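Single-structure report; data block below.
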Amino acid sequence: VTGLTASHIYYVPGNFTVTGTVTDSLGAAASSKQSVTVAQGCAISGVNRSITICSPAANSSVTSPVQIVAYATDSRAITRMIIYVDGKQVYAQRTAAKLVNTAISITAGTHTITVRGWDSSTSFSKSITVTVP
């Protein structure tokens, strides 16, 4: 199937119903529901000016492209979030969104992924190490 994709981060474990709806250019729509069980959600830090990396897990082995999902906790508006791999910028999101969710191609080896967020006064970051076989 080709077309748009969607994703959602579950912050708490539990059973959920996911509904997908498609609408064609004439307005006709069809929906489908699926139950999902989330064994472990992503526990977002409550510390002001912090980054939580939900995916990938620290010290994990992951395949490329690597899905990177991170959330910024800040009492101020976020102005941008940037992802670095081994110190090199690989992705930038310059919006007020506190969530970044993107796939990054990474070569084989052990790498440091850093997600840095900015507000109007400062930046803050979180780093993890992953291995791509």
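No experiment lies behind these values; they were computed from the predicted model shown. Positions are given from 1 along the sequence.
Put simply, Leu99 and Ile82 are part of two different groups of oily side chains (I, L, V, M, F, W, Y) that touch within less than 4.5 Å, one to the next. Linking Ile, Leu, Val, Met, Phe, Trp and Tyr whenever their side-chain heavy atoms come within less than 4.5 Å leaves Trp118 and Tyr91 in two separate clusters. Linking Ile, Leu, Val, Met, Phe, Trp and Tyr whenever their side-chain heavy atoms come within less than 4.5 Å leaves Tyr84 and Ile113 in two separate clusters. Hydrophobic cluster membership is shared by Val62 and Val115, with clusters built from Ile, Leu, Val, Met, Phe, Trp and Tyr side chains linked at under 4.5 angstrom.
Sorted by first and then second residue, the salt bridge (charged side-chain N to carboxylate O under 4.0 Å, His left out) pairs with a member in residues 62-73 form an empty list; sequence neighbours excluded. Pairs engaging residues 68-81 under the salt bridge (charged side-chain N to carboxylate O under 4.0 Å, His left out) rule: none recorded [sequence neighbours left out]. Sorted by first then second residue, the salt bridge (charged side-chain N to carboxylate O under 4.0 Å, His left out) pairs that include residues 19-33, not counting sequence neighbours, number zero. Pairs passing the salt bridge (charged side-chain N to carboxylate O under 4.0 Å, His left out) check and including a residue from residues 83-103, sequence neighbours excluded, do not occur.
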Using residues 123-133 as the side-chain source, report each donor-acceptor pair under 3.5 Å to any protein atom, sequence neighbours left out, with the distance given to one decimal.
| unit_1 | atom_1 | unit_2 | atom_2 | d |
| --- | --- | --- | --- | --- |
| Ser123 | OG | Arg116 | NH1 | 3.0 |
| Ser127 | OG | Thr114 | OG1 | 2.6 |
| Thr131 | OG1 | Thr110 | OG1 | 3.2 |

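Rounding to the nearest 0.5 Å gives a distance of 5.0 Å between CD1 of Ile68 and CD1 of Ile104.
The hydrophobic cluster containing Val22, built from Ile/Leu/Val/Met/Phe/Trp/Tyr side-chain heavy atoms closer than 4.5 Å, comprises no other residue.
With sequence neighbours excluded, no residue forms a side-chain hydrogen bond (donor to acceptor under 3.5 Å, both in side chains) with Thr102. Remark: Thr23 engages Thr21, Ala29 in a side-chain contact (heavy atoms from CB on, under 4.5 Å) (not counting sequence neighbours). Considering only residues two or more places apart in sequence or on other chains, Thr73 meets the side-chain contact (heavy atoms from CB on, under 4.5 Å) condition with Ile44, Ser50, Tyr71. Qualifying side-chain hydrogen bond (donor to acceptor under 3.5 Å, both in side chains) partners for Ser75, counting only residues two or more places apart in sequence or in other chains: Asn48. For Asp119, the salt bridge (Lys or Arg N to Asp or Glu O under 4.0 Å) partners two or more places apart in sequence, or in a different chain, are Arg49. Every side-chain contact (heavy atoms from CB on, under 4.5 Å) that Ala97 has, sequence neighbours left out, goes to Gln93, Thr95.
Residues Val66 and Val85 are not in side-chain contact: their nearest non-hydrogen atoms beyond the backbone lie 4.5 Å or more apart.
The backbone N or O of Ser120 sits nowhere less than 3.5 Å from a side-chain atom of Thr79 that would complete a donor-acceptor pair. Listed for the Thr52 side chain is a donor-acceptor partner under 3.5 Å among the backbone atoms of Ser45.
Taking every heavy atom of both residues into account, Thr19 and Ser31 meet most closely at CG2-CB, 4.3 Å.
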